[in-house]
Amino acid sequence: MTPASGEMVASPLPVGSPLPVGSPLPPMVVPDYGTSTLAELMPGVGARLGVPGYHDDILGLPDARRYVVVLVDGLGWHAVRRNLRRAPYLASLLGDATAITSGVPSTTATSLASLGTGLPPGLHGLVGYTSRVPQTGEILNALTWESDLVARAYQPKPTFFERAVEAGVSVTSVGLERFAVSGLTEAVLRGPAFAAFEHERDEEQRIALVAEAALAGSRSIVYAYERELDHTGHVQGWESADWLAQLGRIDALCERLRDALDDDVRLLITGDHGMVDVPAERQIVAEDVPDLMAGVSAIAGEGRFRQLYVDAEAGGQPVDAVAARWRGLLGDRAWVRTRAEAIDEGWFGPVDPEISERYGHLLVAMRAPWAVMTRQFPRELTLVGMHGSLTPDEMLVPLFRD
């Protein structure tokens, strides 16, 4: 699909404008599961703390008996490196930092599931921001979990936190009070004691809660989640002044947290995905292009990573025919794969047969700075910053150690 020169090939899609000739196309980043993804982070901590079942620290974490893991939603590796002047504390840690990857898709629900379970997406089953539930046909939003689905049944595998608690490690999650009992928490982050704060901007309380929890027991893990960078990026774009201001605030927050922790506590800072900005003229509304929706029974995922369900057995079009049409219309704007092709290429790691049906029959991962939107989820039509695809800006996240 990509010419040898790497130039953009204009497709017949009658929407927006093609990239200028000569614009570089990013490479595909397929996660190296088992070696350098978010799924290896907590198992590495577990190996250091002697949690049964975790034997290898593949990521080379600092040795300790106490760890604080801060996950900054939307903290991409490339975005941080391009803005080190705004993040002097993180810049000071760059020498020991490494880039790891999210899973596929590069989105919060899937990444938090990999972090919390230590499993690749094909095994934990949180397959995207939204996806179809095979048993009911409903489109599940894994973040809001507005569903009667029992989260523990939908993701029944033990979490890393449960296994650490069983091994006698003190495990605490520090977060907003409403996250304590959310469906996503119950599905993939269950197990820790929950230390809640009411107001996100009460940073002194947050720091105090983390520092106190880090001293509990003889071995401890504290998980802390920061979400404002991602929110700002979605609304304003990751290249906006507001996003840069949030990066500076979070950098200062992490430095103050480090100062509040005892010297024997190791601080690990990472992200769940990066982000790209997609201008309005490159946001394709699927319903406005009849040839895109022809044969599609249901659409899920997000603008940068669409999951299309094609129920040919119900009299619809064959998946291969729909795939060929999407490839022809999008050209080099996207990587278009059938479910089987994506699994064979290793996008999701090993895939449990019971989970495979949750993925779309067709996966559309945007390569160039475009997005395929849908009016079924009107809120997404307001977004500027997006993620979900397999480009380096979306897939690579930092792992800082202090």
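Residues that satisfy the side-chain hydrogen bond (donor to acceptor under 3.5 Å, both in side chains) test with Glu212, not counting sequence neighbours, are absent from this structure. Partners of Ser106 under the side-chain hydrogen bond (donor to acceptor under 3.5 Å, both in side chains) rule, at least two apart in sequence or in another chain, do not exist in this structure. Residues satisfying the salt bridge (Lys or Arg N to Asp or Glu O under 4.0 Å) test with Arg227, not counting sequence neighbours, are Glu200. Scored by the salt bridge (Lys or Arg N to Asp or Glu O under 4.0 Å) test, Asp57 finds Arg48 as partners (sequence neighbours excluded). Residues meeting the side-chain hydrogen bond (donor to acceptor under 3.5 Å, both in side chains) test with Asp393, sequence neighbours left out: Arg82. Every side chain to side chain contact (heavy atoms under 4.5 Å, CB included) that Glu341 has, sequence neighbours left out, goes to Arg327, Arg337, Thr338. The side-chain hydrogen bond (donor to acceptor under 3.5 Å, both in side chains) check on Tyr129 picks up Asn141, with sequence neighbours excluded.
Between Arg163 and Pro52, the closest side-chain pair of non-hydrogen atoms is not below 4.5 Å. Leu396 places a side-chain heavy atom less than 4.5 Å from the side chain of His78. Put simply, the side chain of Asp73 does not reach to within 4.5 Å of the side chain of Leu229, judged on heavy atoms. Using a 4.5 Å heavy-atom threshold, the side chains of Leu38 and Leu399 count as separate. With contacts defined as side-chain heavy-atom distances shorter than 4.5 Å, the pair Met366/Met386 does not qualify. Counting heavy atoms from C-beta outward, Ser389 and Trp370 have side chains that stay 4.5 Å or more apart. Val278 is not listed as a side-chain neighbour of Leu383, based on a closest heavy-atom distance of 4.5 Å or more. Counting heavy atoms from C-beta on, the side chains of Met28 and Arg367 never come closer than 4.5 Å.
Here the CD1 atom belonging to Ile299 is positioned 10.0 Å from the CE atom belonging to Met373, to the nearest 0.5 angstrom. In this structure, OG1 on Thr136 lies 5.5 Å from CG on Leu149, to the nearest 0.5 angstrom. To the nearest 0.5 Å, atom CG of residue Leu261 and atom CZ of residue Arg256 are 12.5 Å apart. Rounding to the nearest 0.5 Å gives a distance of 10.0 Å between OH of Tyr359 and CZ of Arg339. One finds the CD atom of Glu40 at 9.5 Å from the OH atom of Tyr33 (value rounded to the nearest 0.5 Å). Here the straight-line distance linking atom CG of Asp230 with atom CH2 of Trp238 works out to 14.0 Å at 0.5 Å rounding.
At distances below 3.5 Å, at least one donor-acceptor pair connects side-chain atoms of Arg306 with backbone N or O atoms of Val372. The main-chain N or O of Thr117 is never found under 3.5 Å from a side-chain atom of Lys157 such that the two would form a donor-acceptor pair. Side-chain N or O atoms of Thr110 include one that pairs as donor or acceptor with a backbone N or O of Gly128 at under 3.5 Å. No donor-acceptor distance shorter than 3.5 angstrom exists from the side chain of Arg358 to the backbone of Val127, with no hydrogens or angles considered. A donor-acceptor pair is defined here as one N or O able to donate and one able to accept, closer than 3.5 Å; no such pair exists between the side chain of Gln307 and the backbone of Arg132. Remark: side-chain polar atoms of Ser182 are paired, donor with acceptor, to backbone N or O of Thr185 under 3.5 angstrom. A distance-only check finds a donor-acceptor pair linking the side chain of His234 to the backbone of Gly385 [under 3.5 Å]. In this structure a side-chain-to-backbone donor-acceptor pair under 3.5 Å is missing from Gln283 to Ala371. Here the side chain of Ser220 pairs no donor or acceptor atom with the backbone of Gly217 at under 3.5 angstrom. Of the possible polar contacts, one joining the Ser297 side chain to the Asp311 backbone as a donor-acceptor pair under 3.5 Å is found.
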Inset, instruction - Mind running side chain to side chain contact (heavy atoms under 4.5 Å, CB included) on Trp335 and Thr391 for me, showing each step along the way? - result: CA-CA 10 Å; Trp335 294 293; Thr391 69; 4.1 Å; yes
Legend entry - CA sep, side-chain torsions, deciding dist, call: Arg66, Asp264, salt bridge (Lys or Arg N to Asp or Glu O under 4.0 Å): CA-CA 7 Å; Arg66 305 181 185 279; Asp264 65 342; 3.7 Å; yes
Inset, instruction - Decide side chain to side chain contact (heavy atoms under 4.5 Å, CB included) for Tyr154 and Val188; before the verdict, give the C-alpha distance in whole Å, the side-chain angles of both, and the deciding distance to 0.1 Å. - result: CA-CA 10 Å; Tyr154 198 67; Val188 301; over 6 Å; no
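Using a 3.5 Å distance cut-off with no hydrogens or angles, the side chains of Asp242 and Thr232 do not pair a donor with an acceptor. A donor-acceptor pair shorter than 3.5 Å can be found between the side chains of Glu138 and Ser147. Remark: the Asp272 side chain and the Ser111 side chain contain no N/O donor-acceptor pair separated by less than 3.5 Å. Glu287 and Thr374 are linked by a side-chain donor-acceptor pair at a separation below 3.5 angstrom, with hydrogens and angles left out of the test.
The stretch residues 34-75 participates, sequence neighbours left out, in these ring pair (Phe, Tyr, Trp, His ring centres under 6.0 Å) pairs: Tyr54-Phe160. The ring pair (Phe, Tyr, Trp, His ring centres under 6.0 Å) pairs that include a residue from residues 163-214 number zero, where partners must be two or more places apart or lie in different chains. Among residues at least two apart or in separate chains, side chain to side chain donor-acceptor pair (under 3.5 Å) pairs with a member in residues 85-94 are Tyr89-Asp402. Every pair passing salt bridge (Lys or Arg N to Asp or Glu O under 4.0 Å) that includes a residue from residues 185-197 is listed here, sequence neighbours excluded: Arg152-Glu186, Glu162-Arg190. Pairs engaging residues 246-284 under the ring pair (Phe, Tyr, Trp, His ring centres under 6.0 Å) rule: His273-His387 [sequence neighbours left out].
Salt bridge annotation for Asp63-Arg266: absent, with no cationic side-chain nitrogen under 4.0 angstrom from a carboxylate oxygen. Remark: Glu226 engages Arg206 in a salt bridge, criterion side-chain N to carboxylate O under 4.0 Å. For the pair Asp291 and Arg325, the salt-bridge criterion is not met [side-chain N within less than 4.0 Å of a carboxylate O].
Closest non-hydrogen pair, His124 versus Pro121, comes out as NE2-CA, 3.3 Å. In this structure, Pro31 and Thr101 approach most closely via the heavy-atom pair CB-OG1, 3.6 Å. Counting all heavy atoms, side chain and backbone alike, Ala196 lies closest to Gln205 at O-NE2, 4.2 Å. A pairwise comparison of heavy atoms in Asn83 and Ala79 identifies ND2-O, 2.8 Å as the closest pair. Closest approach of Phe348 and Leu363 over heavy atoms only: CZ-CG, 4.3 Å. The minimum heavy-atom distance between Leu49 and Ala64, with the atom names listed, is CD2-O, 3.6 Å.
Within 6.0 Å of atom CG in Asp148, 12 or fewer heavy atoms from other residues, nucleotides or ligands are found, so the atom counts as exposed in its surroundings.
Of the candidates Val174, Leu71, Val210, Leu71 is the only one forming a side-chain contact (heavy atoms from CB on, under 4.5 Å) with Tyr223.
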